[in-house]
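Heads up, the thing below is written out as structure tokens.
Side-chain atoms are counted along with the backbone in the values below, which use heavy atoms only and exclude waters and symmetry mates.
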Number of protein chains: 2
Amino acid sequence: MDDVFKALADPSRRELLDRLRIENGQTLGDLCRRLDMTRQAVSKHLAVLEAANLVAVVWQGREKLHYLNPVPIHEIAERWIGKFERSRLDALADLKRALEAKPGDDE
Amino acid sequence: MDDVFKALADPSRRELLDRLRIENGQTLGDLCRRLDMTRQAVSKHLAVLEAANLVAVVWQGREKLHYLNPVPIHEIAERWIGKFERSRLDALADLKRALEAKPGDDE
DNA sequence: ACAATATGCAACCATTTGGTTGCATGTCAA
DNA sequence: TTGACATGCAACCAAATGGTTGCATATTGT
């Protein structure tokens, strides 16, 4: 799971995922267009995304097609973010209480 | 928003958030216990979390109380992960189709 | 006043990261 | 077959990251 978080931490990689979300199954070359980076840089980013299992790859002759795999993101949403969502309002209440309590300590 | 992703990318920092979720309003010292790291290391991580607005801080004398702020995580869930959840099944279908199409190309 | 406690700040270090350039390899099309 | 195209691999580099140690500062309790 750490791989997924790490992969999502980079804006360029999130951009790549966004592009695949808009048009799935693009090649390296496709993804390079208008992405102010070298092909090799993009290639490295894609390797990270592959390692995190966020994109799957299908070779078609000399072309490598990249497909978005939404499963890991879904799992993070379910298992990790979900936890925080559940305690969200409690945490906000704690915060509010703490912020109100201290400054007016001197009554 | 990038700050939030970057902050969430580190396991130690997610651990810290987890601890605050379990018990909100802990001090630096509290958070250091059983966290195999120097106080300064923990302090740096907390600084990153503060910068990302994921924890809020209330000074109480010489103690610094840390409170979880769930808002940024909520926003990411809503605005970013939500997008991918929405196109989730389509992407899975694309993937499946691509995987099935190529290997059995030779019919 | 003073010692203990809770924290901050700065310098330093090793490793990782994001990027580059150069060259090699495999596939398609004429 | 041969040239153009799509990609991979490796070396290299600067900057960011995660961690340390040492010292400074502020607050508390006796």
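Sorted by first and then second residue, the side chain to side chain donor-acceptor pair (under 3.5 Å) pairs with a member in residues 81-90 of chain B read A:Asp18-B:Lys83, A:His74-B:Arg88; sequence neighbours excluded. Within the structure, no pair that satisfies the ring pair (Phe, Tyr, Trp, His ring centres under 6.0 Å) test touches residues 17-48 of chain B, not counting sequence neighbours. Legend: salt bridge (charged side-chain N to carboxylate O under 4.0 Å, His left out) pairs involving residues 7-16 of chain A, not counting sequence neighbours, sorted by first then second residue: A:Arg14-B:Asp2, A:Glu15-A:Arg19. For residues 36-56 of chain A, the set of pairs meeting the salt bridge (charged side-chain N to carboxylate O under 4.0 Å, His left out) definition, not counting sequence neighbours, comprises A:Glu50-A:Lys64.
Across the protein-nucleic acid pair, A:Leu46 atom CG and D:dA6 atom P stand 16 Å apart, rounded to whole Å. Going from atom CZ of A:Arg39 over to atom P of C:dG18 covers 19 Å, rounded to whole Å. With rounding to whole Å, A:His45 atom NE2 is found 18 Å from C:dT16 atom P. Computed from coordinates, the A:Leu65 CG to D:dA6 P distance equals 13 Å when rounded to whole Å. One can place CD of B:Gln40 at 11 Å from P of C:dT7, the figure rounded to the nearest angstrom. Distance, A:Asp10 CG to D:dT17 P: 11 Å, rounded to whole Å. B:Lys64 has its NZ atom 18 Å from the P atom of D:dT25, to the nearest Å. Between the NE2 atom of B:His66 and the P atom of C:dA6 there is a distance of 14 Å, given to the nearest Å.
Residues from residues 13-37 of chain A placing a heavy atom under 4.0 Å of any atom in DNA chain C, listed by number, are A:Arg13, A:Met37.
In this structure, the nucleotide among C:dT7, C:dG19, D:dG18 sitting nearest to the side chain of B:Trp59 is C:dT7.
Applying the side-chain contact (heavy atoms from CB on, under 4.5 Å) criterion to B:Glu23, with sequence neighbours excluded, gives B:Gln26. Under the ring pair (Phe, Tyr, Trp, His ring centres under 6.0 Å) criterion, B:Tyr67 pairs with no residue at all, not counting sequence neighbours. The side-chain contact (heavy atoms from CB on, under 4.5 Å) search around A:Ala52 returns A:Asp3, A:Val4, A:Ala7, A:Leu54, not counting sequence neighbours. Judged as a side-chain contact (heavy atoms from CB on, under 4.5 Å), and not counting sequence neighbours, the contacts of B:Ser43 are B:Leu28. With sequence neighbours excluded, the residues forming a side-chain hydrogen bond (donor to acceptor under 3.5 Å, both in side chains) with A:Asp94 are A:Arg97, B:Asn24, listed by chain and number.
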Could you list, one pair per line, each protein nitrogen or oxygen that sits under 3.5 Å from a nitrogen or oxygen of nucleotides 27-29 of chain D, together with the distance?
from	atom 1	to	atom 2	distance (Å)
D:dT27	O2	B:Arg62	NH1	2.9

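Residues B:Ser43 and B:Lys6 both approach DNA chain C. Their nearest nucleotides, taken by heavy-atom distance, put B:Ser43 toward the 5′ side.
The side-chain heavy atoms of A:Val58 and B:Leu99, taken from C-beta on, include a pair separated by under 4.5 Å.
Without hydrogens or angle criteria, B:Thr38 side chain to B:Ala41 main chain gives no donor-acceptor distance under 3.5 Å.
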Given Watson-Crick and G-U pairs under 3.5 Å, DNA chain C in dot-bracket ([ ] crossing, | other strand) is ||||||||||||||||||||||||||||||

